[in-house]
Number of protein chains: 2
Amino acid sequence: MVHSRRSEKLREIIEERIATGRYMPGMRLDETELANEFEVSRTPIREALMQLAYSGLIDMRPRRGAVVVEITPQRLCEMFEVMAELEAMCGRLAARRMTAADQHALLKAHRTCEEAHKKNDPDAYYRRNERFHMAIYAASHNGFLIEEADALHRRLSAYRRLQVRVRDRMRTSFLEHSSIVEALIAGDGEKAAEMLRKHVIVQGERFADLIASLSSFGISGESG
Amino acid sequence: MVHSRRSEKLREIIEERIATGRYMPGMRLDETELANEFEVSRTPIREALMQLAYSGLIDMRPRRGAVVVEITPQRLCEMFEVMAELEAMCGRLAARRMTAADQHALLKAHRTCEEAHKKNDPDAYYRRNERFHMAIYAASHNGFLIEEADALHRRLSAYRRLQVRVRDRMRTSFLEHSSIVEALIAGDGEKAAEMLRKHVIVQGERFADLIASLSSFGISGESG
DNA sequence: AACCACGTTCTTGTATACAAGAATAATTGT
DNA sequence: ACAATTATTCTTGTATACAAGAACGTGGTT
């Protein structure tokens, strides 16, 4: 058995389960229970939970255990607002700094999105959309920015997954991607930034869509 | 004795020590040593270290202990580049959303900076400058953004402290503050954003200044 | 004398034991 | 019968014990 910090992997697994909605907001995470499930002691479980608490995914009140944070719609919009700005920044930098290899990766990711769109496969589109955005982050050539954008993107992935299912969202998203690619390839940083900002931010009718999907997700609903 | 998670406070203390340069980059953090110093067991120390590792302040290689991360000049510039963008975003939002109370707080913070500037007291200016920037963050009325800006600001505080000592930097900084305040009060979000971006970003001759101060700080020097 | 192998020691990673606060259930008083 | 208070139980927070890998030193060999 490899003895090299299990809490890392445990954190990733729990993070994933929160992101995919298996651990719903408001749900209590019992240390002993998790320890039994993963067949480890409470120690690595606790270490994983501490990290998640620090990153804001769970809330650990002293002596009251870990709870998956209930993200209010307002909070979620705030997070998307910041995400939009980070992506806009990536786009602005990418337009100036991207290499031929970056362009190639971006175009490839865009084409795979197109496939998923044509097949009308929201799950595939969701995954390929992630790669599209990652390609833009990478092209910014700012390592720290890439990490931050990546981290926030992961935190929002559960809600992004929901958004893709909204009627016509996939088509709109893909069309926006096309314009973004165009601006990036043309080297127009400001335009790319502006389009990415609008692409990511949640406002207007998309806000209503989000609220609607949240309630089906169990957030701000009857969950206590 | 209050039994409510010591690792929180321990994390803050260690974080502070890294920020102020007491724990220099490259320095090894011995769990047992820290446990003895704080008169606790290794358990809460470890929990604090895990959190710091997750937030990127220290590096924990399996079985090789915790080491304060060596931030390269490039990395530091990347971080300031992101900080600049977050502050610009705060400014843009603040110009639109700030209340009378926000304006009052901002002007007050600005005046206390002026005092420190006139007394030619870099340490006081450093502290009051923090409050000035915090006032802008708060005025953005985006709770998530405030937290993120705050966290990154803290991570960069050690380097900011050095920058203030650069000749004439305090005067330049204060003049820039004045323009920023003007733009914010006038409600000109784009201008405020642009000025904040330039105020925070490290480039040109300020980059050279940073490199120079870093070597005296022990970074990228002979420290292993 | 230099290099490799082995063993010692030291520190981290994990498990378990123990303590203390919070939730809950039971009991008693009004 | 209902509420309040207390006792019990349950879970977290901390300490300590133990195991395993890594660093380091020593000794032997070439």
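Every chain is numbered from 1, with letters handed out A, B, ... down the list of sequences.
Here the closest non-hydrogen pair linking A:Asn129 and A:Arg160 is ND2-CD, 4.0 Å.
Whole-Å rounding puts the A:Arg61 CZ to D:dT11 P distance at 18 Å. Between the CD atom of B:Glu33 and the C1' atom of C:dT12 there is a distance of 14 Å, given to the nearest Å. What separates CZ of A:Phe38 from C1' of C:dA15 is a distance of 18 Å, to the nearest Å. Atom CD in B:Glu8 sits about 16 Å away from atom P in D:dT12, given to the nearest Å. As rounded to whole Å, 12 Å separates atom P of D:dA23 from atom CZ of B:Arg63. Taking atom CG of B:Asn36 as the reference point, atom P of D:dT16 lies 11 Å away to the nearest angstrom. B:Asp30 has its CG atom 14 Å from the C1' atom of D:dA22, to the nearest Å. A straight line from CE of A:Met60 to P of C:dA22 spans 15 Å, rounded to a whole angstrom.
Side-chain atoms of B:Arg165 and B:Asp123, non-hydrogen and from C-beta on, do get closer than 4.5 Å to each other.
B:Arg169 and B:Gln163 are not linked by any side-chain donor-acceptor pair at a separation below 3.5 angstrom, with hydrogens and angles left out of the test.
At least one side-chain nitrogen or oxygen of A:Arg64 sits closer than 4.0 Å to the OP1 or OP2 atom of C:dA23.
Between B:His133 and B:His199, the ring planes are parallel. Angles under 30° get that label, and only those over 60° would be called perpendicular. Classification of the B:His177-B:Phe132 ring pair by plane angle, with boundaries at 30° and 60°, yields parallel.
You'll find that the side chain of A:Arg6 is closest to C:dT14, out of C:dA22, C:dT14, D:dA20.
DNA chain D is contacted by A:Arg42, A:Arg46 of residues 40-56 of chain A, taking any non-hydrogen atom closer than 4.0 Å.
With sequence neighbours excluded, the residues that form a salt bridge (charged side-chain N to carboxylate O under 4.0 Å, His left out) with B:Asp150 are B:Arg154.
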